[in-house]
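Labels below follow one simple rule: chain letters A, B, ... track the order of the sequence lines, proteins then strands, and each chain is numbered from 1.
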Amino acid sequence: MKAEHLAVVSKIVAELRLPSSRSRAAEAPRECPADPGNRVSPPVIGRVSGAFRRRLDSANMLRLSSLAADAGEIGPYWVAAASVAGSSHLHSAVTRQDSYSFCHIEAGPVVAVAVADGLGSYRQTSQVGAQLLTRLTAGYLAAVPPAQMLADPAGVVSMILNRASRVAIAASDAFDGQDPSLLATTLTLAWIPAHGTSNTAATSAIVVGRVGDCSAFGLRAASFTPVFDTCSDGPLNVVGAYLPMTDAWNSCETAVLKFNDMDALVLASDGVAEDIVGSPTVRDWLGRQWDAPNTIRQMTDSLGYRRQGSHDDRTALVVWLAPDGPWASDREEPRERP
Amino acid sequence: MTPLATEESFPVFPVFLLVDVSQSMSGAPIEAVNLALPELKQVIQRDPTAGEIARIGVLTFSDSARVVLPLSDLHHVDMPSLSPEGGTNFAAAFRAAKLEIERGIRGIGKGTRFHKPVAFFVSDGQHMARENWEQELKELTDRSFKFAPEIVTFGFGDANPRVLGQISTRHAFMAKTTDPVSAVREIIATLIASIKTTSRSFAGVGDGQLLVQPDPNKFTPLPTQTVD
């Protein structure tokens with residue numbers, strides 16, 4: 001690695017370093033969601049092919065694993081996320097290019113989450129952009145206090161995307177050609193106050209933003225409500241905005257949601273969002289799967305449905321918004337799924 | 001706000017073949033097309049991505065244009081057999097294509113999501129009718145037309161390279177061989193490969209755009225031009 005590349009890496013590492021976590025205060029033990037005894041088979045919708053090959057992107061040193069998943073407490077919330085390589089990616093030996101990240105500084109005021117979808121046109125490198133930009137934006141967002149965010153949500157989100165983009169553009173210097181488009185990715189993010197159920201105005205709102213076709217949904221009683229317009233009525237393959245960009249202001253959509261309007265917030269790459277919007281069966285399946293906090297296995301299984309024409313990477317991150325949810329120590333056992 | 005689909009539908013990639021069946025195609029060339037169409041069906045069916053999303057329609061044109069295969073899922077139809085007819089009227093082809101592309105996509109079902117349609121235009125000759133084909137082409141490709149296709153042109157024999165460049169929206173090619181049967185085979189093989197790779201491009205492996213990659217030893221790429 002060249003010296004200038006090491007400098008770039010050092011800069012990124014510095015950007016990703018967060019304030020030291022405060023020592024964890026003594027807490028009452030919590031009971032986490034548990035896997036139900038019987039696994040429920042995901043649905044198969046339409047005529048799906050069994051002819052997809054599963055070829056790993058073995059020549060690509062920047063490849064990601066075909067599966068990433070998490071489930072657990074982040075601040076006062078339960079969060080589960082999974083990112084799964086699409087059948088078309090595996091068939092073509094292209095690495096998973098979606099990514100997710102989250103950040104909460106211990107005892108801090110905010111939980112920040114992000115989901116990104118690296119552009120397929122940069123098949124060897126865009127996943128690096130997705131990883132880097134989700135981590136940076138979540139890290140920056142987690143440090144934004146409620147007063148600052150709620151005074152100008154669109155401005156703050158744009159500023160954070162610009163800041164993260166600058167680091168990504170610097171990182172692209174490490175690649176041959178030094179083209180920032182090598183890291184091209186769409187992204188959606190959410191800024192969630194860590195004490196959202198308190199009744200103060202400053203903590204009653206969630207800010208969601210996106211660049212490009214990643215999506216966000218509110219989930220209440222197993223029913224999805226899109227935060228943004230997920231699709232026009234025109235053709236699907238219309239190129240939209242993506243990061244990194246030097247000025248995100250005109251390309252970033254921002255929405256301020258009411259905390260109490262949903263049970264959970266879902267961030268999704270287009271591989272999942274298109275299925276939520278276009279398939280009542282997928283919507284019903286995911287609504288039921290995500291009706292209560294998921295374990296890692298449940299979250300991964302939830303994305304295991306098969307739908308005709310749905311071959312892209314799938315990534316979803318769900319934040320269950322009740323801080324006093326069923327995983328808290330004084331709550332009942334996790335609900336059994338039907 | 002985005003409407004959530006209330007009925008099950010699947011994203012589709014609409015592909016249309018506009019095939020010249022003028023008299024000059026009679027004999028071996030049209031027989032080569034008729035041999036290649038079942039092969040197209042077989043290859044598309046076997047490909048996991050294209051097999052799920054591609055829908056194929058076939059139109060022929062001579063003095064007039066006909067829909068010989070409405071936009072279809074190839075798992076459920078037999079490929080048509082084409083017959084040679086009379087002269088060559090590009091205007092009729094574009095007019096019929098505009099009607100059929102809209103009818104075909106709308107016919108799949110309300111709320112169905114679709115990728116940008118592609119029309120592969122295959123001809124061995126030149127426009128011979130009095131009608132103005134440029135105006136019909138403009139209406140087909142006008143940005144205000146929600147179903148406006150990308151047009152890829154393949155020419156051989158007496159086709160005019162300049163006109164092929166004008167008709168195409170993105171890619172235009174002239175077969176290098178003077179043997180019409182070989183040209184037809186290569187054209188069909190190239191458009192089959194394009195349907196497969198483009199389908200994968202839509203599924204996140206690529207830029208989501210039309211991909212056409214003919215063998216440079218067999219085709220001459222033509223500059224695309226805009227009709228005035």
What residue, out of [options], has the most heavy-atom pairs lying under 4.5 Å from chain B?
options: A:Arg307, A:Arg53, A:Arg283; value: A:Arg283
options: A:Asp313, A:Ile45, A:Asp270, A:Asp275; value: A:Ile45
options: A:Ser310, A:Ala184, A:Ala51, A:Ser126; value: A:Ala51
options: A:Val94, A:Thr281, A:Asp117; value: A:Thr281

Exercise for the section: Could you look at B:Thr6 and say if it's the side chain, the backbone, both or neither that has a heavy atom under 4.5 Å from chain A? Expected result: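 Contact with chain A is through the backbone of B:Thr6 alone.
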Problem - Main-chain N/O of A:Leu67 paired to A:Ser65 side chain as donor or acceptor, under 3.5 Å - result: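 Yes; judged by distance alone, with no hydrogens or angles, the pair exists.
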Practice task
Please determine if A:Arg314 forms a cation-pi arrangement with A:Tyr305, meaning its NZ or CZ atom is less than 6.0 Å from the six-membered ring centre and no more than 45° off the ring axis.
Solution key: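 Yes; both conditions hold, so A:Arg314 lies above the ring face of A:Tyr305.
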Exercise for the section: Could you label the plane-to-plane angle of the B:Phe145 and B:Phe147 rings as parallel, tilted or perpendicular, counting under 30° as parallel and over 60° as perpendicular? Expected result: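 Ring orientation of B:Phe145 relative to B:Phe147: perpendicular.
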Handout entry: Geometric class of the A:Phe52/A:His311 ring pair [parallel <30°, tilted 30-60°, perpendicular >60°]
Key =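 The arrangement is tilted - the two ring planes meet at 30° to 60°.
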Quick check on [X] against chain B: is it the side chain, the backbone, both or neither that has a heavy atom closer than 4.5 Å?
X: A:Ser279; value: both
X: A:His91; value: side chain
X: A:Arg47; value: both

Exercise for the section: Tell me yes or no: between the side chains of B:Ser199 and B:Thr49, is some donor less than 3.5 Å from an acceptor? Expected result: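 No - no donor-acceptor pair under 3.5 Å links their side chains.
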Practice task
Report the option among B:Asp47, B:Asp73, B:Thr112, B:Ile105 that has the most heavy-atom pairs separated by less than 4.5 Å from atoms of chain A.
Solution key: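 Counting heavy-atom pairs under 4.5 Å, the top option is B:Asp73.
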Handout entry: Side-chain heavy-atom pair B:Val163, B:His127 within 4.5 angstrom cut-off
Key =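 Heavy-atom side-chain distance check fails, nothing below 4.5 Å.
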Exercise for the section: Please tell me if the side chains of A:Val115 and A:Leu187 come closer than 4.5 Å, counting only heavy atoms from C-beta onward. Expected result: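 The answer is no, as the side chains (C-beta and beyond) never meet within the 4.5 Å cut-off.
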